[in-house]
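Structure record follows, encoded as structure tokens.
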Amino acid sequence: MTLAAALGVSLRSFNSASSFPFIHCSALFTRQITMDAKSVASQLKSSGLLRTQGLIGGKWTDAYDGKTIEVRNPATGEVIADVSCMGQKETNDAISSAYNAYNSWSKLTATERSKSLRKWYDLLVAHKEELGQLITLEQGKPLKEALGEISYGAGFLEFFSEEAKRIYGDIIPPALADRRLFVLKQPVGVVGAITPWNFPLAMITRKVGPALACGCTVVIKPSELTPLTALAAAELSLQAGIPPGVVNVVMGNAPDIGNALLASPQVRKITFTGSTAVGKKLMAGAAGTVKKVSLELGGNAPCIVFDDADVDVAVKGALAAKFRNTGQTCVCANRILVQEGIYEKFANAFSKAVQNLQVGDGFSDGVAQGPLINEAAVQKVESFIQDATSKGAKVILGGRRHSLGMTFYEPTVISDVNNDMLISREEVFGPVAPLLRFKTEEDAIRIANDTTAGLAAYIFTNNIQRSWRVSEALEYGLVGVNEGLISTEVAPFGGVKQSGLGREGSKYGMDEYLEIKYVCLGNMNSS
Ligand code: SIN
């Protein structure tokens, strides 16, 4: 039986080179919307979580010139809310509020800060359903995944509420007998946190959790595409008793806000998740006042499937690594490298699994793939596929806009990809899985490392020695072995090469918000 027959879907043509059927996906897609976006928005409004103003010094504040921007539901194009469109002036006031609040927040005991963070965590968990709906509404990811993001995001607050109590210094044996040497760890000061649209909550808590735990105060600039979750989380920070000015949120004109954060000598740290291009600009801009920077930038994750892999495990792992958030994460598998002995078997099983992914509005039952964030994202996907096919790659599944319209795109698998194609050089950030064939372990490592990025990599093998050997050889900050979903608050997340600087999550995530101070007590032998 052909794959298409097994799947019971319409067959358009066969790719003779690979013998994979070319499949049109619509048959399995769902249109049934189980939740009405409008009623979700009105429920959020009545619960007080649908905030549209910025938060400065504990006060909900309009843009000073009254300007607003629209936030749209990417699944329908409908406007969900008009939010304040802020710029330099509002950002400077938010920085002053954070600076003033720093004095008292940093002097609280670790236990006091820990308790506030824990309360904030409890409130996020208590409002999990509404917050999950809000993420689906403004970002588009399926509700189940959005609820998963609330647990993941809240987990950073829980973890760092505990770490707050473990900011230990050191005592150093002195080189001179009359001295006593100490190392203190102190908060860096005011932090500017610039966060992306793909994880509207988790990328905030992953930065703000450790910042607050260390005694820093923050000015958050969420993405203009998804500010509502950030504002809801900020509202809950106030309800948790976190003092006014400790958490501030400004959104709107990104360059103006970014430049104000960079220019201010009161901001001592910039933490950013987003594109490598913007990360480089922020790094250069931070040089003017010599700020500390943490950057979580783009990836180009290889997912390497060796001949000795368990195919079912590899398919499940590659599917999760590729199609999480409709392919819109920095750790999504961008290149699936498959060893020649298992290539056909893996490609068939993988295509079959991809074929089963339901596309639709994130509020519909059973949907696994939501819309892309905007039209520009779809055009990027199209141009990458066009480049690959013009150079010899073959579309074996999907490969076009979805019949649902808007920014929905068919989950796509393309074969015969090589490492010179655009799709292998840059992040596709969409539901497209390119398959690359390789011969030896050395080839796989060479191809995997042949990129300027170095965030996440995945290996599928049943050989324990190989798993260790390849993990060591990969120039990446994170490696998943026989697993496609590896992000967690308890482990360090971050890249090497042009994927960024610093680590988030885990005990290492605390170091990014701490300065080390050496104290020397002299003349200690006199009585
Ligand atoms: C990201 O895409 O930047 C974050 C992904 C994750 O936390 O797993």
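Both counts, for ligands and for their atoms, begin at 1 and track the order of listing. The basis for the numbers below is simple: all heavy atoms, side chains too, and nothing from hydrogens, waters or symmetry mates.
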Side-chain donor-acceptor pairs under 3.5 Å in residues 140-147, sequence neighbours left out?
| residue | atom | partner | partner atom | Å |
| --- | --- | --- | --- | --- |
| Lys141 | NZ | Glu149 | OE1 | 2.6 |
| Lys141 | NZ | Asn198 | O | 3.0 |
| Glu145 | OE2 | Asn325 | N | 2.6 |

Does a salt bridge link Arg469 with Glu441, judged by any charged N lying under 4.0 Å from a carboxylate O? yes

With the threshold set at 4.0 Å, does a side-chain nitrogen-carboxylate oxygen contact exist between Glu375 and Arg401? yes

Could you note down all residue pairs passing ring-ring contact (aromatic ring centres under 6.0 Å, His included) where residues 187-211 supplies at least one of them, sequence neighbours left out? Trp197-Phe429

Distances under 3.5 Å, N/O of ligand 1 against N/O of the protein: list each pair and its distance.
| residue | atom | partner | partner atom | Å |
| --- | --- | --- | --- | --- |
| ligand 1 | 2 (O) | Asn198 | ND2 | 3.2 |
| ligand 1 | 2 (O) | Cys330 | N | 2.7 |
| ligand 1 | 7 (O) | Tyr152 | OH | 2.7 |
| ligand 1 | 7 (O) | Arg206 | NH1 | 3.0 |
| ligand 1 | 8 (O) | Arg324 | NH1 | 2.8 |
| ligand 1 | 8 (O) | Arg324 | NH2 | 3.1 |
| ligand 1 | 8 (O) | Ser487 | OG | 2.5 |

So Phe438 and Phe306, would you call those rings parallel, tilted or perpendicular, with 30° and 60° as cut-offs? perpendicular

I'd like a table of donor-acceptor pairs (distance under 3.5 Å, sequence neighbours excluded) in which one partner is a side-chain atom from residues 282-289, with atom names and distances.
| residue | atom | partner | partner atom | Å |
| --- | --- | --- | --- | --- |
| Thr289 | OG1 | Leu262 | O | 3.4 |
| Thr289 | OG1 | Lys291 | NZ | 2.8 |

